[in-house]
Amino acid sequence: MMKRRIYALFLAMVLIISFCGCSEEENEHEEIISGGEIILEPVESSSSSSSEPEIPTGTEPAWVPESSSESSSEEIAESSSASSSEAEEPEEKTDCSVLILVNPWNYIPEDYDVNLVNVQGKYNLDEKAAESAKELVAAARKAGFDMVLCSAYRTVEKSAELYSRKVNQFINAGYDEATAKIEAAKWVAPPGTSEHHTGLAMDLVSSDYWGYYSDLEHAYENFDSFKWLYEHCAEFGFILRYPKDKQDITGITYEPWHYRYVGKEAAQYIMENGLCLEEYLELIK
Ligand SMILES: [Zn+2]
């Protein structure tokens with residue numbers, strides 16, 4: 001019975017995927033970024049748990065707000081057909097472009113476009129995620145949590161800037177260039193590998209967090225707002241993108257503040273089953 005249900009679910013997913021032509025989203029574009037070598041464990045944000053005694057202080061943390069103003073408008077190929085022949089689940093308008101995989105091994109496609117919509121302050125997300133993000137923030141507020149974004153859409157150029165600044169810090173601290181690049185990648189995702197390029201990811205914590213910390217740290221998991229986010233993010237199509245127990249798969253250390261929009265259906269499956277996006281994509285392949 002259960003098996004049949006799972007099989008039907010997979011079948012439905014396969015149908016949806018093939019229908020939307022997602023596969024092209026998952027192409028690797030490793031050649032885009034010059035100087036981007038294989039990084040084993042890049043971390044796109046700084047964290048207290050890393051042991052890097054020589055890291056120069058007083059520098060811009062990885063999450064530092066960036067001005068994101070460039071937006072390119074283009075039509076989003078949205079498959080609005082609600083064809084569900086044998087799918088058990090209610091057909092939901094599934095745009096599988098929101099399942100794009102960007103990680104240390106999968107660069108953002110060179111021609112990837114976003115259509116930015118303001119979410120909060122100066123932070124923008126792609127139109128596919130922006131409204132859901134606003135709804136999430138509003139729901140959190142109702143629950144008593146004042147959620148503050150500290151990063152959202154980020155250009156490849158901005159990442160390049162943050163990354164090279166970090167590389168220089170390591171070089172100035174005495175590292176050779178090759179090692180500096182590797183070390184820097186543990187703090188700032190090399191350009192092209194940050195999920196923030198998709199406009200589908202945001203970093204957020206509750207405002208009370210800043211009363212205790214001045215940087216994004218793993219300790220955020222101890223805040224009630226994190227527990228709320230963890231429990232409710234999927235209702236708005238978001239997932240905790242870098243879970244603590246999936247670091248080997250994601251290539252990114254645990255980030256309790258980083259949430260990624262994947263659509264409600266995928267989000268609920270991922271969060272309910274304790275998966276990371278890489279595992280989910282493997283599953284529905
Ligand atoms: Zn992030």
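When a residue number appears, it is its place in the shown sequence, counting from 1. This one's a predicted model, so the numbers in the text were calculated from it and none came from an experiment.
A 4.5 Å side-chain heavy-atom check between Asp203 and His196 finds at least one atom pair inside the cut-off. Counting only heavy atoms from C-beta outward, the side chains of Asn103 and Leu277 never approach each other to under 4.5 Å. The side-chain heavy atoms of Leu240 and His258, taken from C-beta on, include no pair separated by under 4.5 Å. The side-chain heavy atoms of Glu255 and Leu216, taken from C-beta on, include no pair separated by under 4.5 Å. With contacts defined as side-chain heavy-atom distances shorter than 4.5 Å, the pair Ile108/Thr198 qualifies. Residues Leu136 and Leu229 form a side-chain contact, since some pair of their non-hydrogen atoms from C-beta on lies under 4.5 Å apart. Between Trp257 and Cys150, the closest side-chain pair of non-hydrogen atoms is not below 4.5 Å. Side-chain contact check for Lys181 versus Tyr163: some heavy-atom pair is nearer than 4.5 Å.
Under the 6.0 Å cut-off for aromatic ring centres, Phe226 and Phe223 do not qualify, their centroids lying 6.0 Å or more apart. Ring-centre distance between Tyr242 and Tyr254: not below the 6.0 Å cut-off. Aromatic pair Phe170/Tyr175: ring centres closer than 6.0 Å.
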Checklist entry - How far apart are the C-alpha atoms of Glu279 and Lys246, what are their side-chain angles, what is the distance that settles it, and do they pass the salt bridge (charged side-chain N to carboxylate O under 4.0 Å, His left out) test? => result CA-CA 9 Å; Glu279 289 174 311; Lys246 306 291 181 186; 3.1 Å; yes

Next on the checklist: Evaluate Tyr261 against Leu125 for side-chain contact (heavy atoms from CB on, under 4.5 Å), listing each step before the verdict.
Outcome noted: CA-CA 10 Å; Tyr261 184 78; Leu125 286 177; over 6 Å; no

Checklist entry - Would Val148 and Gln120 satisfy side-chain contact (heavy atoms from CB on, under 4.5 Å), going step by step from the backbone distance to the final call? => result CA-CA 8 Å; Val148 181; Gln120 185 190 77; 4.2 Å; yes

Item to check | Leu99 vs Leu281, side-chain contact (heavy atoms from CB on, under 4.5 Å): CA-CA, chis, key distance, verdict | outcome: CA-CA 8 Å; Leu99 293 177; Leu281 293 175; 4.0 Å; yes

Checklist entry - When you look at Ile100 and Val102, which way does the side-chain contact (heavy atoms from CB on, under 4.5 Å) test go after all the steps? => result CA-CA 6 Å; Ile100 183 171; Val102 176; 4.2 Å; yes

Item to check | Arg154/Glu161 under salt bridge (charged side-chain N to carboxylate O under 4.0 Å, His left out): CA gap, chis, key distance, verdict | outcome: CA-CA 11 Å; Arg154 190 183 296 164; Glu161 185 188 319; over 6 Å; no

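Side-chain atoms of Tyr209 come within 3.5 Å of backbone N or O of Asp215 as a donor-acceptor pair. Checking side-chain atoms of Asn118 against main-chain N and O of Gly121 turns up a donor-acceptor pair under 3.5 Å.
Partners of Arg260 according to the salt bridge (charged side-chain N to carboxylate O under 4.0 Å, His left out) rule, which considers only residues two or more places apart in sequence or in another chain, are Glu195. By the salt bridge (charged side-chain N to carboxylate O under 4.0 Å, His left out) test, Glu135 is found to be paired with no residue, residues two or more places apart in sequence or in another chain being considered.
Ion pair Glu221/Lys244 flagged as a salt bridge, since at least one NZ, NE, NH1 or NH2 atom sits closer than 4.0 Å to an Asp/Glu carboxylate oxygen.
The OG1 atom of Thr250 lies 6.5 Å from the CZ atom of Arg241; values are rounded to the nearest 0.5 Å. For the atom pair OH (Tyr153) and CG (Leu149), the distance works out to 16.0 Å, reported to the nearest 0.5 Å. The structure places NZ of Lys166 at 4.0 Å from CD of Gln169, a figure rounded to the nearest 0.5 Å. Rounding to the nearest 0.5 Å places CG of Leu200 at 7.5 Å from OG of Ser97. Cys276 SG to Ile239 CD1: the interatomic distance, rounded to the nearest 0.5 Å, is 8.0 Å. Of the inter-residue distances, the one linking His197 atom NE2 with Asp126 atom CG reads 14.5 Å to the nearest 0.5 angstrom.
For Thr193 against Ala189, the heavy-atom pair with the smallest separation is OG1-CB, 3.7 Å. Minimum heavy-atom separation, Pro104 to Ile252: CG-CD1, 4.4 Å. Contact between Ser159 and Pro191 at its shortest, heavy atoms only, is CB-CA, 3.8 Å. The shortest non-hydrogen separation linking Trp228 to Phe236 is CH2-CE1, 4.3 Å. When every heavy atom of Glu231 is checked against every heavy atom of Glu235, the shortest pair comes out as O-OE2, 4.0 Å. Minimum heavy-atom separation, Tyr230 to Cys233: O-SG, 3.9 Å.
The hydrophobic cluster containing Ile270 also contains Ile284, counting ILVMFWY residues as joined when their side-chain heavy atoms lie under 4.5 angstrom apart, directly or transitively. When hydrophobic clusters are built by joining Ile, Leu, Val, Met, Phe, Trp and Tyr residues whose side-chain heavy atoms come closer than 4.5 Å, directly or via intermediates, Ile249 is not grouped with Tyr107. Residues Leu101 and Met271 are members of one and the same hydrophobic cluster, defined by side-chain heavy-atom contacts under 4.5 angstrom among Ile, Leu, Val, Met, Phe, Trp and Tyr.
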